[in-house]
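Here is the structure we will look at.
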Amino acid sequence: ALLNSSLLDLYLKRISTTMRGGFFRYFTQFIGQLPIHRIDFADPEEKATHDRMVQLVDSMLALYKQQGAAKADADRELFQRQINATDREINNLVYELYGLTKEEIKIVEEGAKK
């Protein structure tokens with residue numbers, strides 16, 4: 001969830017090498033520089049955030065699987081909307097986990113659109 005979040009994706013794009021075509025290198029040397037928040041499982045709030053994030057990731061994986069198996073365009077579109085909503089919820093949890101302000105969230109979300 002953290003690695004796929006808008007926050008850490010934006011951070012990674014700022015520190016990694018851009019390849020031809022605008023692709024980024026997700027090499028260990030760059031991944032290792034990411035500020036991964038370590039969950040304090042003794043803190044009930046952090047544990048609850050972790051558990052909710054795990055639940056959302058499991059849900060996201062199931063939605064992608066269902067979308068891939070869907071036959072109708074309308075079903076695939078429905079699953080895509082659910083995936084997008086789940087992704088937004090994960091991003092919100094990550095923002096909360098890292099203590100981002102509304103202004104910082106705006107910067108991250110604008111940067112993610114680029």
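Throughout, residue positions are numbered sequentially from 1 according to the sequence presented.
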*Report yes if some heavy atom in the side chain of H37 is under 4.5 Å from a heavy atom in the side chain of Y98; otherwise report no.*
yes
*Are the side chain of R76 and the backbone of A70 linked by a donor-acceptor contact shorter than 3.5 Å?*
yes
*Between the side chain of S59 and the main-chain N/O of Q55, is any donor-acceptor distance below 3.5 Å?*
no
*Take N84 and Q80, measure what side-chain hydrogen bond (donor to acceptor under 3.5 Å, both in side chains) needs, and give me the verdict at the end.*
CA-CA 6 Å; N84 293 344; Q80 188 59 53; 2.9 Å; yes
_Any carboxylate oxygen within less than 4.0 angstrom of a Lys/Arg side-chain nitrogen, looking at K47 and D43?_
no
*Determine whether more than 12 heavy atoms belonging to other residues, nucleotides or ligands lie under 6.0 Å from atom CD of Q29.*
yes
*Contact check, side chains of I39 and L97, non-hydrogen atoms, under 4.5 Å*: yes
*Please state whether the rings of F30 and F27 are parallel, tilted or perpendicular, taking 30° and 60° as the class boundaries.*
parallel
*Hey, is the main chain of D40 close enough, under 3.5 Å, to the side chain of E46 for a donor-acceptor pair?*
yes
*Got L12 and F24 here, is their nearest side-chain heavy-atom distance under 4.5 Å?*
no
*Could you list the residues that satisfy salt bridge (charged side-chain N to carboxylate O under 4.0 Å, His left out) with E96, not counting sequence neighbours?*
none
*Using a 4.5 Å cut-off on heavy atoms from C-beta on, say whether the side chain of V57 contacts that of T86.*
no
*Do any N or O atoms from the side chain of E110 and from the backbone of I107 form a donor-acceptor pair under 3.5 angstrom?*
no
*asked:* Test of understanding: with salt bridge (charged side-chain N to carboxylate O under 4.0 Å, His left out), list the residues that count as partners of R88, not counting sequence neighbours.
replied: none
*Where the side chain of Y11 meets the backbone of L34, is there a donor-acceptor pair that is under 3.5 Å apart?*
no
*Decide whether N91 and S5 meet the rule of one side-chain donor and one side-chain acceptor closer than 3.5 Å.*
no
_N-O pairing of K71 and D75 below 4.0 Å_ = no
_Over all atoms of both residues, closest heavy-atom pair of G99 and E104_ = O-OE1, 4.0 Å
*State, with a plain yes or no, whether a side-chain heavy atom of L100 is found less than 4.5 Å away from one of V108.*
yes
